[in-house]
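One structure below.
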Amino acid sequence: MENNTFISHELEEMRSQISLLKDKLEKQTIINDQHIRRSMKSNMSEINRTILASIIAGAFALPYCTWFFWSQGLSTIFVVATAVMLAVCLGLTIAKQVTLKRLDFSSGNLVEVAEKLGGIKKHYQDWIKIAIPMVLIWFSWLIYEMLSTLGVSPMTMGFCTGAVLGGLIGGFVGMRMNKKVITKTTEILSQIKDLQKGE
């Protein structure tokens, strides 16, 4: 009888320990979940700031470049093509920003969030393949326009040199911003996978 009581007591003790362990694990899972979601929000804030900087630059470049090239007497087709190119780039960037703002990391469906985020990551990866040839063609056209409209002069050569240097600096900054968005979206997608494993 005493032996049965002892075994029963031991079993009760084990159940109690298992219950405590389960509680601790559940609390740990909740804390990990909250920590990962906070980290995801932090990464998303960085992405939003980076894209916002692109939008501000584009919103400035669109009217300024249109006015400047027009005032220099460059061809109407070049000025219109430049304005359209900048407007399309700005519009696409704003559209991606709006999509990102709608993502809910605190309680949203992670599958849906990952799908939309994956689409944004792909957009920025593909954008490099489109942007580099587009900018090279545009720069060549700009140099041609300047030389054919203003003629070969020290001022024109200075402008062309400045445009190339500005383009290289702008391209470097743009590529870094693009890479940052890709890196941060990759980190968030990895964090979503971690959360899904724990579910």
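For the numbers below, each heavy atom of this structure counts, side chains included, while hydrogens, waters and symmetry mates do not.
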For residues 116-125, which side-chain donor-acceptor pairs fall under 3.5 Å, sequence neighbours excluded?
from, atom 1, to, atom 2, distance (Å)
K121, NZ, T186, OG1, 3.1
K122, NZ, D126, OD2, 2.7

Atom pairs and distances, donor-acceptor, side-chain atoms in residues 46-61, under 3.5 Å, two or more places apart:
from, atom 1, to, atom 2, distance (Å)
N48, ND2, M44, O, 3.3
T50, OG1, E46, O, 2.9
S54, OG, T50, O, 3.4

Scan the side chains in residues 75-94 for donor-acceptor partners under 3.5 Å anywhere in the protein, sequence neighbours excluded, and list what turns up.
from, atom 1, to, atom 2, distance (Å)
S75, OG, F78, N, 3.3
S75, OG, E145, OE1, 3.1
S75, OG, E145, OE2, 2.8
T82, OG1, F78, O, 2.8
T82, OG1, W138, NE1, 2.8
T93, OG1, C89, O, 2.8

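Cluster membership for L100 and V98, using ILVMFWY side-chain heavy atoms within less than 4.5 angstrom, is shared. Hydrophobic clustering, with ILVMFWY side chains joined whenever heavy atoms are under 4.5 angstrom apart, keeps I130 apart from V173.
Residues forming a salt bridge (Lys or Arg N to Asp or Glu O under 4.0 Å) with K101 (at least two apart in sequence, or on another chain): none. Under the side chain to side chain contact (heavy atoms under 4.5 Å, CB included) criterion, T183 pairs with K179, E187, sequence neighbours left out. Remark: F68 pairs with Y64, S71, Q72, F159 by the side chain to side chain contact (heavy atoms under 4.5 Å, CB included) rule, at least two apart or across chains.
Other members of the cluster containing I137 do not exist, because no ILVMFWY side chain is joined to it at under 4.5 Å.
For G73 against T149, the heavy-atom pair with the smallest separation is O-CG2, 3.3 Å.
Atoms CH2 and CE, on W127 and M175 in that order, are 12.5 Å from each other to the nearest 0.5 Å.
By the 6.0 Å contact criterion, CE on M134 is enclosed, its count of non-hydrogen atoms from other residues, nucleotides or ligands being greater than 12.
Sorted by first then second residue, the side chain to side chain donor-acceptor pair (under 3.5 Å) pairs that include residues 158-168, not counting sequence neighbours, number zero.
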Practice item. Go through M177 and V181 one step at a time and tell me if the side chain to side chain contact (heavy atoms under 4.5 Å, CB included) criterion holds. Key: CA-CA 6 Å; M177 291 170 89; V181 171; 5.8 Å; no
